[in-house]
Undergrad: 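Below: one structure in C-alpha cells.
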Amino acid sequence: MATQAGGYYLPAPSYWPVMGSTGLFFMAIGAVLLFNELTTAGWVSLAVGALILIYMMVGWFGTVIRENERGLYNKQVDISYRWAMSWFIFSEVMFFAAFFGALFYMRVLSVPWLGEIDQKLLWPDFTPGWPVAGPGIKEQFTPIGAWGIPAINTLLLLSSGVTVTWAHWGLKKNNRAQLIWGLVFTIALGIAFLALQAYEYGHMIRDLNVTLSMGAYGATFFMLTGFHGFHVTIGTIMLIVILGRALAGHFTPDNHFAFEGVSWYWHFVDVVWLLLFVFVYWL
C-alpha cells in the first residue's frame, strides 16, 4: 500500500512494470515470427502482447490515478514524475535516432558504395540511387509520393498539436469546456491519422509492391513509419484516459501534470512525424 513517510512518498510494490515487459516481449516475438513468414503464430503472439500491454496500461494508470486522488502525491512526487517523463521522452528520441541513423547510413554511405566501380563484379546491374531495394532484388516497386496521404497526415498531426495546446490553455484558465473539446478534437485527429496510415499501408502493399521484404526502402519505411504509428496509438490511448479524467473533474489549473506529460509526448510524436515526412516521404 502506498504511504507518505517523513514527507516522502513510498510507493507500494508493483508488478505492472513486469506486465509491461511481458507484453512487449510477446509483441517482439510476434514481429519476429511475422518477419519469418510464420503468419498465424506471429499474429497470435502480437495479439497476446497487445492485450497484456492494454491490461498493464489500464491497471497502472488506474493505480496512479487512485493514489493521486487520495492526496498521496506531493511536490517531490511531481518533480520525480517530470524527470521520469523527460528521461522517457529522451529514450524515445534515441530510439528513433537509431532508425534515422540507419536510413542515413543506407542513403548516404552504403547505397553509393555498392554502386562504385570496384563493386561491379558483385553487382554488375545495380544502379545506386534512392529509393532503391538494393542489389540482388529483381522485383520492382513504386515509392509513395509526399503530397498525398502523407501531406494530409502531416496537416492532421500539426493540427492536433494546436488543439492539445488549446486544451491546455483552457485547463490553465479553468475553462472546462475548452479543455474537454480540445482533447476531443485532438483524439479525433489522432484516430484520423491512424486510419489514413492504415489505408496507406494497404495501398502500398497491394498497389505499389512496397513490403518489408523490399530491401532497403521497404525495411526503413515500415520500421520508421510503423513504430511512429505505434507511438501515435499509445498517445491516443493516453489522451482518451486524460479526457476521461477531465470529464471526472480530476484536474485543476495548479495540479495537472498527467495532462502535461501526455501533451509533451504528443508534441514529441508530432516532431518525429515532421522528420519522417521530410526524410522518408519527401527527400
Side-chain angles (χ1 to χ4, degrees), residues 14 16-32 34-35 45-46 49-50 52-54 56-57 60-61 64 77-111 130-131 146 150 153-154 157-158 160-161 164-165 186 190 193-194 197 201 212 215-239 241-242 257-283:
S14 175
W16 293 120
V18 177
M19 294 295 297
S21 299
T22 303
L24 291 173
F25 174 77
F26 274 101
M27 292 186 74
I29 293 297
V32 170
L34 285 175
F35 294 161
S45 184
L46 269 179
I52 294 174
L53 205 60
I54 292 171
M56 179 275 296
M57 292 177 70
W60 205 343
F61 285 172
V64 172
V77 177
D78 184 76
I79 293 173
S80 70
Y81 274 143
R82 292 176 186 276
W83 274 108
M85 194 65 187
S86 299
W87 281 113
F88 170 69
I89 292 176
F90 177 75
S91 73
E92 294 287 273
V93 170
M94 293 297 100
F95 177 84
F96 278 101
F99 286 108
F100 278 110
L103 178 65
F104 173 84
Y105 178 80
M106 289 184 186
R107 293 185 62 167
V108 178
L109 298 175
S110 66
V111 168
W130 192 266
N153 269 344
T154 301
L157 274 191
L158 290 177
S160 73
V164 77
T165 302
T186 306
F193 174 91
L194 292 171
Q197 188 174 54
Y201 274 18
L212 261 176
Y217 179 76
T220 54
F221 176 86
F222 282 108
M223 292 300 284
L224 277 163
T225 61
F227 274 117
H228 179 267
F230 175 75
H231 283 71
V232 174
T233 303
I234 297 299
T236 303
I237 293 172
M238 291 194 292
L239 285 167
V241 173
I242 293 302
F257 174 68
F259 179 96
E260 288 183 299
V262 173
S263 67
W264 292 357
Y265 183 85
W266 195 254
H267 289 307
F268 160 74
V269 168
D270 287 351
V271 172
V272 171
W273 177 258
L274 287 176
L275 294 174
L276 284 173
F277 178 75
V278 171
F279 293 108
V280 175
Y281 290 98
W282 188 4
L283 297 182

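Heavy-atom basis, side chains included; hydrogens, waters and symmetry copies ignored.
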Undergrad: Mind jotting down which residue pairs meet the side chain to side chain donor-acceptor pair (under 3.5 Å) criterion with at least one end in residues 268-283? Sequence neighbours excluded, please.
TA: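 For residues 268-283: Thr154-Trp273, Glu200-Tyr281.
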
Undergrad: Supply the atom-to-atom distance Trp266 CH2 to Ile234 CD1, rounded to the nearest 0.5 angstrom.
TA: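 Answer for the CH2-CD1 pair, Trp266 versus Ile234, is 11.0 Å.
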
Undergrad: Of all residues at least two apart in sequence or in a different chain, which pass the side-chain hydrogen bond (donor to acceptor under 3.5 Å, both in side chains) check with Thr225?
TA: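 Tyr201.
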
Undergrad: Given Trp264, which partner from the list Phe259, Phe90, Phe257 fulfils the ring pair (Phe, Tyr, Trp, His ring centres under 6.0 Å) test?
TA: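 Going through Phe259, Phe90, Phe257 one by one, the ring pair (Phe, Tyr, Trp, His ring centres under 6.0 Å) with Trp264 is satisfied by Phe257 alone.
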
Undergrad: How close do Leu103 and Phe279 get, counting heavy atoms only, and between which atoms?
TA: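 Where Leu103 meets Phe279 most closely, the heavy atoms are CD2-O, 3.8 Å.
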
Undergrad: Report the distance from atom CZ of Phe104 to atom OG of Ser110, rounding to the nearest 0.5 Å.
TA: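 So the gap between those two atoms works out to 10.5 Å.
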
Undergrad: Passes side chain to side chain contact (heavy atoms under 4.5 Å, CB included), Leu275 versus Phe96? Steps please.
TA: CA-CA 10 Å; Leu275 294 174; Phe96 278 101; over 6 Å; no

Undergrad: How many angstroms lie between CD1 in Ile237 and CE in Met57, if you round to the nearest 0.5 Å?
TA: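 It comes to 4.5 Å.
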
Undergrad: At their closest point, which heavy atom of Met106 faces which heavy atom of Ala216, and how far apart are they?
TA: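 Smallest heavy-atom distance, with atoms named: SD-CB, 3.6 Å.
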
Undergrad: With side chains defined as the heavy atoms from C-beta onward, is the minimum distance between Leu158 and Leu274 less than 4.5 Å?
TA: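 Side-chain contact under 4.5 Å: yes.
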
Undergrad: Rounded to the nearest 0.5 Å, how far does CD1 of Ile89 lie from NE2 of His267?
TA: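 It is 10.0 Å, given to the nearest 0.5 Å.
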
Undergrad: Would you mind listing every side chain to side chain donor-acceptor pair (under 3.5 Å) that reaches into residues 90-107, with sequence neighbours excluded?
TA: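 Applying side chain to side chain donor-acceptor pair (under 3.5 Å) to every pair that reaches into residues 90-107, excluding sequence neighbours, yields Glu92-His231.
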
Undergrad: Compare all side-chain heavy atoms of Val280 with those of Thr220 and state whether any distance is below 4.5 angstrom.
TA: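 A side-chain contact is absent here, since even the closest heavy-atom pair is not under 4.5 Å.
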
Undergrad: Restricting to ring pair (Phe, Tyr, Trp, His ring centres under 6.0 Å), what partner residues turn up for Phe227, sequence neighbours left out?
TA: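 Residues passing ring pair (Phe, Tyr, Trp, His ring centres under 6.0 Å) with Phe227: Phe95, Phe99.
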
Undergrad: For residues Gly30 and Ser45, report the shortest heavy-atom separation together with the two atoms involved.
TA: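 Looking at all heavy atoms of both residues, the shortest contact is N-OG, 3.3 Å.
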
Undergrad: Apply ring pair (Phe, Tyr, Trp, His ring centres under 6.0 Å) to Trp130 and list each qualifying residue two or more places apart in sequence or on a separate chain.
TA: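 If we apply the ring pair (Phe, Tyr, Trp, His ring centres under 6.0 Å) test to Trp130, skipping adjacent residues, there are no hits.
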
Undergrad: Do His228 and Phe193 have ring centroids that are under 6.0 Å from one another?
TA: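 Yes, the ring centres sit under 6.0 Å apart.
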
Undergrad: For Val164, does its backbone N or O pair with a side-chain atom of Thr186 as donor and acceptor, under 3.5 Å?
TA: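 Side chain of Thr186 to backbone of Val164: a pair is present.
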
Undergrad: What is the minimum heavy-atom distance between Ala146 and Pro150, and which atoms define it?
TA: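 Result for this residue pair: O-CB, 3.5 Å.
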
Undergrad: Holding to side-chain contact (heavy atoms from CB on, under 4.5 Å), I want the full list of residues that pass it with Ile52, two or more places apart in sequence or in another chain.
TA: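 Result, side-chain contact (heavy atoms from CB on, under 4.5 Å) vs Ile52: Met19, Thr22, Phe26, Val48.
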
